[in-house]
Each structure stands twice: as C-alpha cells, then as structure tokens.
Amino acid sequence: MALRLRDRVPIERLFEAEPGKEYVIAGWVDTVRVHGKLVFVVVRDRSGKIQVVAKKNVSEEAWKTARELTPESVVAVRGVLVESKAALGGREIQAREIVLLNKADPLPIDIHDHTKTVLAKRLDWRFLDLRNPRNQAIFLIEAEMARAAREWFNSNGFVEIFTSKIVGAATEGGAEVFSIVYFDKPAFLAQSPQLYKQLGVIAGFERVYEIGPAFRAEPHHTTRHLTEYTSVDLEMGFIDSYEDVMDAVEGVVRSMVEAAVSRYRRKIEEFFPDAVTKLPQRFPRITMREAYKLLEQAGVKVEWGEDLSSEAERKLGEIVEKEYGSPIVFVTEYPWNARPFYTMRKPDDPEWTLSFDLLFRGLEIATGGQREHRYEVLRKQIEEKGLNPRSFEWYLNMFRYGAPPHGGAGIGLERVVMQTLGLPNIREARLLPRDPERLVP
RNA sequence: GCCGCGGUAGUAUAGCCUGGCCCAGUAUGCGGGCCUGUCAAGCCCGUGACCCGGGUUCAAAUCCCGGCCGCGGCGCCA
C-alpha cells in the first residue's frame, strides 16, 4: 500500500490517537540520531514533534532511508503508533515506510537556538529561521493580534477601508517619505493613511479602520524602527473629545494582547518569559505636564514644551510601572510644536494639543488625538507648520462641506508584538524587515 | 544624518590592547567509524576560517590608511 500524503495526520493529534494503529505523518526532520541498527528521527510539522524510530529488523528499507536523512529534509512516514516510556511525550512512531520528499543541504544557520546565530544572518535565511518554533510563534501571535483588532473594530461599528499607498504628496510635509516614479510623475509611498482615514469619516462612514503598511524613509539604526511597518489605524467621527479615541485605542490594544495570551498562553510561557500577559482594567492617563514633573522628580532633565526623548520615555515607563503598577500609560496633551498640522489644539491653551501617545513598557506604540475639523483653523495651522495649503487642496476641501468633529490613532503592530513579548529587536516581529540597509529577502 | 563598536571555518566564538610562541584555539556543524533506546545521544578519526585593497615591519589575524558590510545609540517616529 503506497503512502499517500492525504492520509497525513497532524503530529499533535497522535498524542490523543489510538496506539497500536498505523498512521501517516509528514514534516521536517528536526533531528536524526543514528545508532547502528536503529535510527531515531524527530519529525516536526506545524502542530508539533514526535519521535520516529526506524529499526533494521522491522523495515530495512525504512532504516536505510532514515540513515540518509539530514536535518530539515522533508519526509513522510508510515508507521505504528506505540507507547514508549523512553520517548519524548511518551509516544513514538515505529516506521514501516519512510519517504524522503526533499533532501536538505547542510544548514547555513543554527535553527534550534535562535540566539546562536546573529539576527542579521538569521534574516538572510529567514525561511529557515522561522522553522524555529519560537520564531514562528511570534507570527502566530501577530496574526492573532491583527485578527483580534479586526474583530474589535467590526463589533464597535468601524468599517474596514483600504487606502492608497501610492500618493501624490507627502502626508505631513516632511522629508521622511520614499520617492517613487509613477509613470512620468514623482510620487511617494504613504507614510500613514492619516488623511484618507479622515476622508473615510467625512465621507460618511463615521468610523473607519485600516490595517496596512506604512513607509518611513528615515535612516534609523535602532532596535525599534523599521522603514516599512504595519499600522493599525482608526478614525472616528462625532466624538466629544480625544478621551473617546483613547477609549477606543485602549479597547483595541487590550483585546489584541488578551487574544494573543488566551490563544497562545503555552507558547508565550515557554518562549517569552519576559512577556506581559495582563493589562490593567483602565490604562493610566497623565498629561505631558504631569509627565515632565514626574521625570524631573526622578532627576531626568526635560525640556518643557518639547517631546520626550526616548530615554525619557523609557524612564517614564519605569516611573509609571512603580507609581501606578501599569506597564502601559497614555501621555496626553502634547505640545503643539511636537504635533502635525491636523492636530486640534487646546481651546484655552493653544500651546498644547488634544492628543496623546500610548507608551507600553516605555516605548511609544500608538499616537492619536482629536483632529482639527474647522476649515479656517486648519488652513492656518498648515501655514503655521510651514506647509503650502495649495498642496493640500483636496484635503482642505473636505472641511468645507460638512466635517464632523473627529479623531483617531495609529498603532504600530510590530511594536505591540515586540513589547508584549519582550523581544529585543523589532526586526524579530516583522516577517521580512526593511531597514536602511536591508532590502533582501 | 551624526556618533560608537565590530567583520576569524557552515554557525558561534578565543586570539588583536602588549606583532614572532598562530601554516590560528574551542564548541557546534559537516564527512567517516563503533553502537538496538537515544533524545541538541556518546566516544574515536577527519574536515574547514583571519572581509577587500594598500601601507609600516626582518616579521601582520594583530599596528596604520581607504573601501565595503554588519550591529547599536541619538535625533525622529509607530
């Protein structure tokens, strides 16, 4: 009887299956241990691992094939499931037939321990690096977080939109955009869906969200920046204040973390001992001015009216953890000079804005606020930021024909994953990271 | 963009400061051998490297210069 892959059973099921029967499994060779007349082969598929034993006196064919196996080769095995005290998990497959589907060359990186090969080299061989269950888990968790975010949005009245990533003008002015050639015209890769989200609200969808790529042409050499990342963006109309936006961000972020933890608790405990598995019922909210004070009390130098340095953010994270017992905190009312033109300012104190950042373990994971929806004010703010209102004409027009008060936020998906799991480098949270040097694979 | 650190076998590292004892050590991998209960198997044998170019010197992995590449910090940001 020929072995058919359609009869294949996921390996994890074998630990509940009836012993004494024959099963077909297939996957990658995790390890091979050759012992003269018997060979142990640990086979791994995405569900788990099991030991296969090939004995010369049971099937010489299978034994011969087993001797030739190399790590990461792809095999299919037909054999009898047996209880075995000596085997991992108490069970193993006694091979009757082993088919080598694809033989692997000697590996260029060590995939059994993610710390044994430097990250750069792992990324060069990303498809192999991801064979490591820990590294694979990061993306299962990321997928779960994205799914949870979508679910939260969908059940809270948000409509998913898909905005253009090829744009004719930079979103916020600045030089941090990638230039591309669009036929015979200059164009850019979108650094944020900001203006289009607002379009969605003003167009009458009222609440919109998008989970998609954002591009930043900033030559960062850090462990927390990518030139291409996934932005979880939301925008909502008819808000009373930016507090409503923070409530939404809090809801999304909490559901992302909770979903990941509840679905992958075991993997998280096994692979990410430093992970945050619980967020407070309500995220603390402090104003920027309070943050300056807290930092000053802790002996950190801050410039009033300026954005926080990354060192100050880290420090603030520690202080909040100590004072409020929370790994996460909203910092609100950022100074106007640290915010883009579309931000709404405090009516009674225009040096400050109705905006916020969300710091998770001392790192900014989200930014948001209420947007300015009054045409004349917005026009002035564009000028005040040194931008030309004429290049924002299509955008400004939206505010002349009925724009409700609104606000929104952008959440960095990879940063949420990184901070939740306690990863040392954001590149680990991106399947194929792009940084100033890396463009391949 | 600015600043700092680094580039040694497939992988990870020692050696570099204080040049010669290094035709480069160790671990792992890889090839071969022994082994019917291992589990990152063990033991034995073998294999394999100083980023590129120039300079200093009797002598360069080691010191100097240039290039390329990598990593990190900062600014800025998600």
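Throughout, protein chains are lettered first and strands after them, A, B, ... in sequence-line order, and every chain is numbered starting at 1.
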Mind calculating the distance between [atom1] ([X]) and [atom2] ([N]) to the nearest angstrom?
X: A:Leu308; N: B:rC76; atom1: CG; atom2: P; result: 10 Å
X: A:Phe356; N: B:rA78; atom1: CZ; atom2: P; result: 11 Å
X: A:Asp233; N: B:rA78; atom1: CG; atom2: P; result: 10 Å
X: A:Lys37; N: B:rC35; atom1: NZ; atom2: C1'; result: 8 Å
X: A:Leu107; N: B:rG10; atom1: CG; atom2: P; result: 14 Å
X: A:Phe360; N: B:rA78; atom1: CZ; atom2: P; result: 18 Å
X: A:His112; N: B:rC30; atom1: NE2; atom2: P; result: 9 Å

key: Of A:Asn425 and A:Gly410, the one whose closest RNA chain B nucleotide lies more 5'   = A:Asn425
task = Using heavy atoms to find the nearest nucleotide of RNA chain B for A:Gln94 and A:Pro108 separately, return the residue whose nucleotide is more 5′.
result = A:Pro108
Nearest to the side chain of [X], heavy atoms from C-beta on, is which of [options]?
X: A:Glu364; options: B:rG70, B:rG37, B:rA78; answer: B:rA78
X: A:Pro71; options: B:rC30, B:rC77, B:rU36; answer: B:rC30
X: A:Val118; options: B:rG37, B:rA12, B:rC76; answer: B:rA12
X: A:Thr223; options: B:rG73, B:rG75, B:rC77; answer: B:rG73
X: A:Arg224; options: B:rU36, B:rC76, B:rC35; answer: B:rC76
X: A:Thr222; options: B:rA78, B:rG73, B:rC30; answer: B:rG73
X: A:Ser310; options: B:rC30, B:rC74, B:rA12; answer: B:rC74
X: A:Val53; options: B:rG37, B:rC30, B:rG70; answer: B:rG37
X: A:Asp307; options: B:rC77, B:rU11, B:rA78; answer: B:rC77

Ignoring hydrogens and angles, does a donor from either the side chain of [X] or the base of [N] sit under 3.5 Å from an acceptor on the other?
X: A:His221; N: B:rC71; answer: no
X: A:His35; N: B:rG42; answer: no
X: A:Glu92; N: B:rG37; answer: yes
X: A:Ser84; N: B:rG37; answer: yes
X: A:Arg438; N: B:rC69; answer: no
X: A:Lys55; N: B:rG37; answer: yes

Could you tell me how far [M] sits from [N] if I compare only their [atom1] atoms? Round to whole Å.
N: B:rG33; M: B:rG19; atom1: C1'; value: 42 Å
N: B:rC21; M: B:rC5; atom1: C1'; value: 30 Å
N: B:rC2; M: B:rA49; atom1: P; value: 38 Å
N: B:rG15; M: B:rG42; atom1: P; value: 27 Å
N: B:rA24; M: B:rU13; atom1: C1'; value: 13 Å
N: B:rC65; M: B:rC17; atom1: P; value: 15 Å
N: B:rG37; M: B:rG10; atom1: P; value: 36 Å
N: B:rC74; M: B:rC52; atom1: P; value: 33 Å

Touch check for [X], heavy atoms < 4.0 angstrom, all strands: base, sugar-phosphate only, or nothing?
X: A:Asn57; answer: base
X: A:Ser309; answer: sugar-phosphate
X: A:Lys121; answer: sugar-phosphate
X: A:Thr367; answer: sugar-phosphate
X: A:Arg430; answer: nothing
X: A:Glu313; answer: base
X: A:Ile411; answer: nothing
X: A:Arg314; answer: sugar-phosphate
X: A:Val34; answer: base
X: A:Glu414; answer: nothing

Does [N] have a Watson-Crick or wobble partner in any strand here, with both distances under 3.5 angstrom, and which is it?
N: B:rC74; value: B:rG1
N: B:rC63; value: B:rG55
N: B:rC69; value: B:rG6
N: B:rU36; value: none
N: B:rG29; value: B:rU47
N: B:rC23; value: none

ask   = Does the aromatic ring of A:Phe40 sit over the six-membered base ring of B:rG37, closer than 5.5 Å centre to centre and tilted less than 30°?
value = no
Give a yes or no answer on whether the side chain of [X] reaches the backbone of [Y] with a donor-acceptor pair at less than 3.5 Å.
X: A:Ser326; Y: A:Glu321; result: no
X: A:Glu97; Y: A:Val77; result: no
X: A:His221; Y: A:Pro436; result: no

inquiry  = Both conditions, 6.0 Å and 45 degrees, for the charged tip of A:Arg122 above the ring of A:Trp125: are they met here?
reply    = no
query = Is the NZ or CZ atom of A:Arg134 positioned over A:Phe271's six-membered ring, under 6.0 angstrom from the centre and within 45° of the axis?
reply = no
ask   = If you measure only the distance, is there a donor-acceptor pair under 3.5 Å linking the side chains of A:Thr117 and A:Asp110?
value = no
ask   = Looking just at side-chain N and O atoms, do A:Glu414 and A:Thr230 make a donor-acceptor pair shorter than 3.5 Å?
value = yes
Under 4.0 Å from OP1 or OP2 of [N]: is there any side-chain N or O of [X] that close?
X: A:Thr70; N: B:rC30; result: no
X: A:Thr230; N: B:rA78; result: no
X: A:Arg339; N: B:rC77; result: no

message = For A:Tyr229 together with A:Phe215, are the ring centres under 6.0 Å from each other?
response = no
remark   = Closest non-hydrogen contact found for A:Ile98 with A:Ala54 is CD1-CB, 4.2 Å
inquiry  = Tell me the closest heavy-atom pair linking A:Ser73 and A:Leu100, and the distance in Å.
reply    = CB-CD1, 3.8 Å
